[in-house]
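Here the structure comes first, spelled out in structure tokens, and everything after it is commentary.
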Amino acid sequence: MKSLAIINQQGPLHSNAGQESVDLVLAAASFGQDVSVFFIDDGVFQLLKMQKPDVLEHKHFAKSFGAFEFYDVENIYVCQRSLTLRNIESNQLNVACQILSDTELNAKLANAHNIITLS
Amino acid sequence: MKSLAIINQQGPLHSNAGQESVDLVLAAASFGQDVSVFFIDDGVFQLLKMQKPDVLEHKHFAKSFGAFEFYDVENIYVCQRSLTLRNIESNQLNVACQILSDTELNAKLANAHNIITLS
Amino acid sequence: MARFSIIVTSASLDSQGCYSAYRFTQTAITNGHQISGVFFYQSGVNIANTFQTMLSDELALYPKWVDLANEHKIPLQVCVTAANRRGIISEQDAIQNDTPELFNLKPPFQSVGIGELVSMLNESDRSIQF
Amino acid sequence: MARFSIIVTSASLDSQGCYSAYRFTQTAITNGHQISGVFFYQSGVNIANTFQTMLSDELALYPKWVDLANEHKIPLQVCVTAANRRGIISEQDAIQNDTPELFNLKPPFQSVGIGELVSMLNESDRSIQF
Amino acid sequence: MILHKLSHSPYSQKNFVSLLTRITDKDGILLTQDATYALSSTEYCQLLLKQTVNVYALEPDTIARGIQPVMSEIQLVDYAEFVTLALKYNNVISW
Amino acid sequence: MILHKLSHSPYSQKNFVSLLTRITDKDGILLTQDATYALSSTEYCQLLLKQTVNVYALEPDTIARGIQPVMSEIQLVDYAEFVTLALKYNNVISW
């Protein structure tokens with residue numbers, strides 16, 4: 001079984017990247033890939049609990065993060081520096097995740113067989 | 001006759017924005033608009049004389065800048081600060097243009113009836 | 001009361017711009033303003049593709065534009081060159097290609113030249129791009 | 001000699017990525033490597049639209065991909081969900097829609113699910129995204 | 001009197017800050033889409049307000065993203081006020 | 001050992017610099033598309049080389065843009081060398 005790292009780099013409403021990231025994570029996991037999910041740069045904005053995309057008639061795809069564990073996607077990594085830069089505290093986040101330093105992030109990414117960025 | 005300002009903000013090979021800016025400038029001018037063209041931020045890279053887009057099989061749309069004067073598009077403005085930041089000298093540019101300060105640029109843009117950015 | 005030209009240059013799935021344009025247009029009409037037209041250029045033309053199929057729980061912006069245009073008689077003008085480059089073909093284009101059935105741009109969206117943008121700008125008080 | 005998976009997520013007119021992917025694929029083959037497949041996702045699916053018509057002096061990337069795929073038997077796999085959202089419809093989709101003539105995705109491009117991406121990744125030594 | 005409509009994230013796009021120096025104190029700034037993320041940063045809010053006091057942000061875009069504004073000097077507007085703003089200034093640039 | 005493939009302009013995208021801190025000295029960096037504009041800036045070249053000596057740029061992308069590189073420590077590579085680089089590292093991230 002190969003490992004696949006999915007990197008989210010964009011805010012939730014910037015484009016369709018967030019939805020298509022979720023599609024990719026769930027499908028790849030259901031086909032047996034060892035999937036890990038990374039939130040880096042503006043991608044950390046996808047994790048904000050307070051989002052109300054229905055105000056813009058958009059689907060709240062971030063609710064699907066809750067389904068990750070049912071698909072055995074348990075490795076959810078968030079860039080500490082990206083959070084700090086954006087004044088985001090860990091209690092504002094909408095999913096259980098590991099907050100990693102730059103060095104730790106690099107080490108996790110170095111271990112993945114394949115890496116796809118959604119931006 | 002209304003005035004139309006077209007702002008180029010992207011490098012020549014980043015996307016199709018450069019070509020579609022030229023299309024817009026020439027068509028609007030031929031329909032009688034008073035068109036001025038601005039190169040700002042990475043848009044100033046469109047002005048580099050040394051470009052060889054044929055290496056990537058792309059059309060050299062910047063050659064069409066030479067046609068601007070035949071369409072009476074004589075107001076071509078370039079952001080001084082964008083050039084300086086990118087280490088570009090005026091002798092590297094492929095079209096006759098006026099290099100403007102931030103204040104001068106703002107004043108020119110404030111006079112346009114309509115403004116379209118290509119990015 | 002004023003007349004607006006709306007210009008859309010961003011693809012609906014790559015930016016929020018096309019949705020913002022829809023909301024702005026809708027609100028301007030509600031508040032008594034006129035819309036000279038909406039001009040779709042660059043990747044903004046993608047919204048005119050009739051083949052778009054969103055999943056049932058996703059925002060479907062195409063029918064929203066269609067309803068707004070039909071209800072308020074707003075011209076939805078799509079630049080023909082930008083559209084053809086992106087595989088958006090009108091019935092007239094299809095007839096010229098000798099495949100008269102194969103098109104994916106339908107009314108109320110219209111395939112037009114840039115001259116229509118110039119006319120639209122000339123008859124409006126303010127333009128705004130998304 | 002290695003086996004590559006190529007992933008294209010950028011639209012051909014909004015980025016140089018789709019062209020770079022083409023050049024990389026072509027070069028890898030020339031140098032004796034194998035291509036497990038090319039997977040088009042997000043706005044990368046736009047290249048599969050058969051209706052695209054470039055002006056005669058502009059780069060036409062669609063026929064380049066078609067020729068490369070046909071010559072070297074490379075699977076060009078287009079994610080069906082991403083494609084449908086962007087108005088790219090296969091013959092099979094069209095038949096299901098009861099409009100069997102109305103499609104704009106043709107071989108060598110194939111409409112597939114994300115499972116095909118997983119298979120592709122499992123049988124290749126290296127993936128690279130554009 | 002230009003209304004500068006910004007739509008890109010200040011955290012990802014350099015143009016966000018570089019264009020500020022071109023804005024005069026008579027101009028207006030309207031934050032929309034990902035540009036509304038500036039509202040959660042005292043630093044970005046101050047940079048904006050240094051150029052002009054006429055700084056606005058589109059409230060639906062802000063709420064949708066779950067942003068908590070840190071400075072009350074930036075006025076939240078709805079779409080109706082957006083339409084009014086577009087007419088109040090001489091023209092609009094969408095950066 | 002990651003090959004970081006960059007494709008965005010350092011002048012327009014903030015991520016260009018922010019991702020550098022995640023790069024270790026064993027990793028490689030390949031500048032492609034608009035990221036090759038970094039070659040004309042001593043400052044950006046130095047930032048790149050500070051992280052790793054393994055910095056490459058795709059020559060066709062550089063020539064097409066009319067860029068004149070200022071530092072010879074960044075190696076210009078063709079597509080064949082790009083293919084080789086992609087295999088030399090354990091994986092590739094496209095930023």
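Residue numbers start from 1 in every chain, and the chains themselves are labelled A, B, ... in the order their sequence lines are given, proteins ahead of strands. This structure is a prediction, so every number in the text was calculated from the model and none was measured. Values below: every heavy atom of this structure, side chains too, minus hydrogens, waters and symmetry copies.
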Point to revise | Qualifying side-chain hydrogen bond (donor to acceptor under 3.5 Å, both in side chains) pairs with a residue from residues 71-94 of chain E, counting only residues at least two apart or across chains | key: Lys5(E)-Ser94(E)
Check your understanding: Quick one: which residues of residues 6-25 of chain F reach chain E at under 4.5 angstrom, heavy atoms only?
Key -> Pro10(F), Tyr11(F), Ser12(F), Gln13(F), Lys14(F), Asn15(F)
Practice item. Can you check whether anything in residues 28-58 of chain E gets within less than 4.5 Å of chain F, heavy-atom wise, and list it by number? Key: Tyr44(E)
